[in-house]
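Please read the structure below before turning to the comments.
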Protein chains: 2
Amino acid sequence: MQQGRPPMEAHKAERAFEPDATPAQTNRSPDGRESYDERRNHILVVATDLIARVGYERASMREVAKAAGVSLAGLYHYFENKEKILFLVQFRTFSFLISSLREQLHGVSDPVEQLRVTVRTHVGHFAANMAALKVCSHELDSLTGDAYEETSRLRHEYYNIARGIVDRIFDTLAPDSPLDRHIAAMSLFGTLNWLYRWYDPKLSRSPSSVANQIVTQFLGGILNTDRAIQRARPDE
Amino acid sequence: MQQGRPPMEAHKAERAFEPDATPAQTNRSPDGRESYDERRNHILVVATDLIARVGYERASMREVAKAAGVSLAGLYHYFENKEKILFLVQFRTFSFLISSLREQLHGVSDPVEQLRVTVRTHVGHFAANMAALKVCSHELDSLTGDAYEETSRLRHEYYNIARGIVDRIFDTLAPDSPLDRHIAAMSLFGTLNWLYRWYDPKLSRSPSSVANQIVTQFLGGILNTDRAIQRARPDE
DNA sequence: GATTATACCGAACGCGCGTTCGAGCGATCA
DNA sequence: TGATCGCTCGAACGCGCGTTCGGTATAATC
């Protein structure tokens, strides 16, 4: 069996928090056995669920191993340590989110349409990967050192995309708005990152209808300050 | 020294998750020494800061004791266990938030003004107690059993106040709005509960201006769907 | 067939955790 | 003066944690 990645070379440097050179290529063996990548991804899925359910600190390696059907020591054949698991969950989720957002955004020039695409992508991705998105929203500070810097970089990249769209909406539709654009963008982010606390697409409305309402509220909120402002701050 | 509360009776039942009968009456002794309540509150403040900084699981009793200037064992003279500390932080914060909100709301009949008061109170309380509100936003699931039920009850009470105001705004200003009111309320909650991730009143704008913008955006978002909806969902 | 690398595991190590024990001390009260 | 009580602490207990060690079985390589 040749397709595995040598795990022992990991000691050679602290470049360990870079992503995989060959990420999850899912090369199944001729027989029915799982490949290294498949097994690794399976463990990652199980770990994501557990971390989402009980939190990173309470999710022990023993429980991850049990849930994944591997021995405790066997877990370390796939991940050099616990933090690496959390890092990979966040790294892959953010990376996928950013790249699919860029893909969806390609060719869309209307800023409002760009916002629609962005919120739709986020909510849709949340509905399809609730555990992973919860972990990304809730365990932001659980990483340390290089792993933290790396995911922090990705979060800012994600923020900058959204912030750029918000800026363009302001520029084209409400260039003289008195609203602080950073606050506006963070309000939107708050709404999106708080989804995991209440929204279950299996119990409630469809992702696209939730996304639509969020976009509608956001646009109304920044486009019609005149009418709202009279009611919102009569004194100041 | 007579004013302390007997700590040994705590064993008698599991009513331990009820609040104090005489909460923090700050009765200082004739001399300059701290009273039981003062010392207890001081520890609570220190613990709140630590939990806000490193999270509940990572905040060890040893570190709380060190930061508070008490021995590890001495800590247990004031709190029967670690969970009780987290419970008290959340219980007191939510209780204070709810009661001061009710107080501020008293005599205010205009729903829009009620919303203004609510958001102002929340943002103002956040700015004055950032650590406590961060703990309340971030450590919601760290409690278990009765302590969890109790704080969960308070959160719902808080939600219901806000939800009632949102409903009244819809009823009086946009009774035929197609927007889902639960989604609208949770969007607002998301914005407010996400504050701790980005807003620092020492570095950025004043609490009242942030509150004003949040209210403005929210009102515009639900009142002006007509204009926004054309841009937000051209197809559906 | 011998060698090497991979996949995997039982068992343990060492540490930090929440919690408890038992004692000391000063003030109060009989 | 002696007993009681509130407050404080050093020291320890037991447990669960992340991680590692030393090994075995299987498959690929020469």
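Lettering of chains follows the sequences in order, A, B, ..., and the numbering in each one begins at 1.
Which of dC21(D), dC9(D), dG18(D) sits closest to the side chain of S71(B) comes down to dC9(D). Distance from the side chain of L72(A) is smallest to dA11(C) among dG10(D), dT6(C), dA11(C). Nearest nucleotide to the side chain of S60(A), out of dC17(D), dT19(C), dT8(D): dC17(D). Relative to the side chain of K82(A), the nucleotides dA7(C), dG18(D), dT20(D) differ in distance, and dG18(D) lies closest.
Look at NZ on K84(B): it is 13 Å from P on dT19(C), rounded to the nearest Å. Atom C1' of nucleotide dA5(C) and atom NE2 of H77(A) are separated by 10 Å, given to the nearest angstrom. Rounded to an integer number of Å, the gap from NZ of K66(B) to P of dG16(C) is 11 Å. Atom P of nucleotide dT8(D) and atom OH of Y76(B) are separated by 16 Å, given to the nearest angstrom. Atom CE in M61(B) sits roughly 20 Å away from atom P in dG14(D) (whole-Å rounding). Rounded to an integer number of Å, the gap from OH of Y56(B) to C1' of dG18(C) is 9 Å. Remark: C1' of dC17(C) and CZ of R58(B) are 14 Å apart, rounded to the nearest angstrom. Spacing between atom CD of E38(B) and atom P of dC7(D) amounts to 12 Å, rounded to whole angstrom units.
In the interface, the side chain of R62(A) is paired with the base of dG18(D) through a donor and an acceptor atom under 3.5 Å apart.
F79(B) comes within 4.0 angstrom of nothing in the nucleic acid, heavy atoms only. Across all strands, A65(B) comes closer than 4.0 Å to no nucleic acid atom at all (heavy-atom distances).
For F218(A) against A184(A), the heavy-atom pair with the smallest separation is CE1-O, 3.4 Å.
Between K66(B) and E63(B), none of the side-chain N atoms (NZ, or NE/NH1/NH2) sits under 4.0 Å from a carboxylate O, so this pair counts as no salt bridge. R197(A) has a carboxylate O that lies under 4.0 Å from a charged side-chain N of D141(B), or vice versa, which qualifies the two as a salt bridge.
Although no hydrogens or angles enter the test, the distance criterion places no donor-acceptor pair under 3.5 Å between the side chain of Y196(A) and the main chain of F126(A).
Cation-pi geometry between K84(B) and Y78(B) is not satisfied (NZ or CZ under 6.0 Å from the ring centre, within 45° of the ring normal).
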